[in-house]
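Scroll down for the structure; my scribbles are underneath it.
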Amino acid sequence: MAAENSSSVTEFILAGLTDQPGLRIPLFFLFLGFYVVTVVGNLGLIMLIGLDSHLHIPMYFFLLNLSFIDFSYSTTLTPKMLVGFVSKKNTISYAGCMTQFFFFCFFVFSESYILSAMAYDRYVAICKPLLYTVTMSPQMCLFLLWGVYGMGVFGAVAHMVNLMFITFCSDNLINHYMCDIIPLLELSCNSSSEHLLVVFIVVTIGIGVPIVTIFISYGFILSSIFHISSTEGRSKAFSTCSSHIIVVSLFFGSGAFMYLKPPSILPLDQGKVSSIFYTAVVPMFNPLIYSLRNKDVKIALKKTLSRKIFS
């Protein structure tokens with residue numbers, strides 16, 4: 001019955017980021033710029049890692065997948081947002097909304113767990129350097145990657161199952177620039193604390209478990225770094241982790257701010273601003289952070305560019 005009622009809603013209207021017409025064109029060009037940098041940066045990093053054999057190690061294997069995930073979920077959301085800025089009526093079909101939401105969940109959960117896999121990789125590299133090659137074998141890296149995308153499927157399916165038991169009322173205006181679980185619950189006739197509890201549990205698994213893994217990994221990493229006698233050794237160890245720490249802080253900070261607070265504490269309009277960080281800003285900054293703060297990537301980029309120029 002719930003599925004029948006839900007399917008009776010044929011389309012939704014997306015409220016977008018702003019209701020002020022004068023801001024739409026400037027915001028269109030701003031986010032178009034964000035998206036272009038995101039696409040060029042992430043696809044460029046993927047090609048660079050693929051082309052340079054010196055980067056064919058576990059750390060960059062995970063970084064390549066992080067760039068793929070960032071590119072993919074930015075592409076899932078940003079083009080529709082851009083269309084909304086220049087459309088008189090920004091609508092999305094029911095099927096389109098559910099599809100966007102499914103892939104958004106899949107890539108966000110995957111990003112959470114790829115960041116925790118990267119933290120584990122740094123833990124092994126710094127705390128158990130002599131066992132690094134054995135521990136982070138190709139088989140282990142593939143096993144971790146299966147876990148990353150497996151949790152992406154879990155998060156997307158769990159949220160979709162939750163939505164299957166929701167009946168949408170006649171009001172089909174989503175107070176957001178994308179299809180997300182909290183604004184969709186606001187349109188429900190039968191939404192209850194049970195649905196919100198499911199959201200909280202699923203998001204806790206998606207954000208809480210990776211955060212705990214990352215904190216434990218960095219606890220051991222910091223302990224090992226403080227036991228390094230040379231200043232140069234400590235500096236090198238910190239530099240290998242600094243980019244990852246920045247990315248983790250940006251992604252999980254904005255995500256937790258949006259989803260791990262009750263709606264009564266965080267109004268949805270403020271949540272939209274918060275969600276901009278992990279849907280548009282973080283995917284754009286990730287390749288820049290890893291490129292500008294990583295010597296191996298900068299050396300590989302110079303070699304690749306010099307080969308192209310001379311060829």
Side-chain angles (χ1 to χ4, degrees), residues 41-42 44-70 109-152 207-252 282 285-304:
N42 285 292
L45 199 53
I46 289 170
M47 288 194 299
L48 186 65
I49 294 170
L51 290 171
D52 196 299
S53 59
H54 294 97
L55 301 181
H56 293 176
I57 59 175
M59 175 181 174
Y60 297 105
F61 170 75
F62 292 123
L63 181 55
L64 182 149
N65 279 277
L66 175 65
S67 291
F68 166 73
I69 291 167
D70 280 335
F109 269 69
S110 298
E111 173 130 355
S112 297
Y113 280 86
I114 199 76
L115 289 173
S116 63
M118 293 171 78
Y120 177 72
D121 172 69
R122 291 300 83 205
Y123 156 73
V124 177
I126 293 172
C127 300
K128 300 180 179 180
L130 298 177
L131 298 173
Y132 182 75
T133 306
V134 177
T135 305
M136 299 304 295
S137 63
Q139 293 80 7
M140 183 61 177
C141 291
L142 284 174
F143 174 76
L144 289 171
L145 194 65
W146 276 108
V148 165
Y149 291 121
M151 290 308 298
I207 294 179
V209 173
I211 285 178
V212 170
T213 304
I214 291 166
F215 266 103
I216 291 172
S217 297
Y218 275 107
F220 285 116
I221 288 170
L222 287 173
S223 177
S224 294
I225 289 174
F226 289 134
H227 283 90
I228 298 174
S229 55
S230 67
T231 306
E232 184 182 350
R234 284 197 297 269
S235 177
K236 186 178 180 180
F238 271 120
S239 67
T240 61
C241 300
S242 58
S243 299
H244 184 254
I245 292 171
I246 294 169
V247 169
V248 165
S249 301
L250 285 171
F251 179 76
F252 285 110
V282 171
F285 274 133
N286 282 357
L288 296 176
I289 290 168
Y290 276 102
S291 300
L292 297 175
R293 298 181 62 87
N294 190 299
K295 289 182 181 179
D296 292 337
V297 172
K298 285 191 278 190
I299 291 169
L301 182 60
K302 287 178 183 177
K303 286 181 179 178
T304 303

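By the 6.0 Å contact criterion, CZ on Phe285 is open, its count of non-hydrogen atoms from other residues, nucleotides or ligands being 12 or less. Other residues, nucleotides and ligands place no more than 12 heavy atoms under 6.0 Å from the NE2 atom of His54.
Side-chain contact between Asp70 and Phe251 is absent, with no heavy atoms from C-beta onward closer than 4.5 Å. Two residues are said to be in side-chain contact when any heavy atoms from C-beta on lie closer than 4.5 Å; Tyr132 and Asp121 meet this criterion. Side-chain contact check for Val247 versus Met118: every heavy-atom pair is 4.5 Å or farther apart. In this structure the side chain of Leu66 reaches within 4.5 angstrom of the side chain of Leu115, judged on heavy atoms. With a 4.5 Å cut-off on side-chain heavy atoms, Ile211 and Phe215 count as touching. You'll find the side chain of Leu144 reaches within 4.5 Å of the side chain of Met136, heavy atoms only. Residues Val124 and Met140 are not in side-chain contact: their nearest non-hydrogen atoms beyond the backbone lie 4.5 Å or more apart. In this structure the side chain of Val209 reaches within 4.5 angstrom of the side chain of Tyr113, judged on heavy atoms.
Leu63 contributes atom CG, which lies 10.0 Å from atom CD1 of Ile57 (distance to the nearest 0.5 angstrom). Separation of atoms OG (Ser67) and CG (Leu45) is listed at 4.0 Å; rounding is to 0.5 Å. Remark: Phe61 CZ to Leu142 CG distance equals 5.0 Å, nearest 0.5 Å. For the atom pair CD1 of Ile69 and CG of Asn286, the computed distance is 10.5 Å after rounding to the nearest 0.5 Å.
In this structure, Arg122 and Cys241 approach most closely via the heavy-atom pair CB-SG, 4.4 Å. The shortest heavy-atom contact between Ile214 and Ser116 is CG1-CA, 3.8 Å. Here the closest non-hydrogen pair linking Ala119 and Ser217 is O-CB, 3.8 Å. Of all non-hydrogen atoms in Tyr149 and Ser110, the two that sit nearest each other are CD2-OG, 3.6 Å.
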Would Val148 and Asn65 count as a side chain to side chain contact (heavy atoms under 4.5 Å, CB included) here? Give the steps. CA-CA 10 Å; Val148 165; Asn65 279 277; over 6 Å; no

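Scored by the ring pair (Phe, Tyr, Trp, His ring centres under 6.0 Å) test, Phe220 finds Tyr123 as partners (sequence neighbours excluded). Contacts of Leu64 classified as side-chain contact (heavy atoms from CB on, under 4.5 Å), with partners at least two apart in sequence or in another chain: Ile46, Ile49. Scored by the ring pair (Phe, Tyr, Trp, His ring centres under 6.0 Å) test, Phe68 finds no partners at all (sequence neighbours excluded).
The backbone N or O of Gly219 lies less than 3.5 Å from no partner atom in the side chain of Ser223, so there is not a single donor-acceptor pair.
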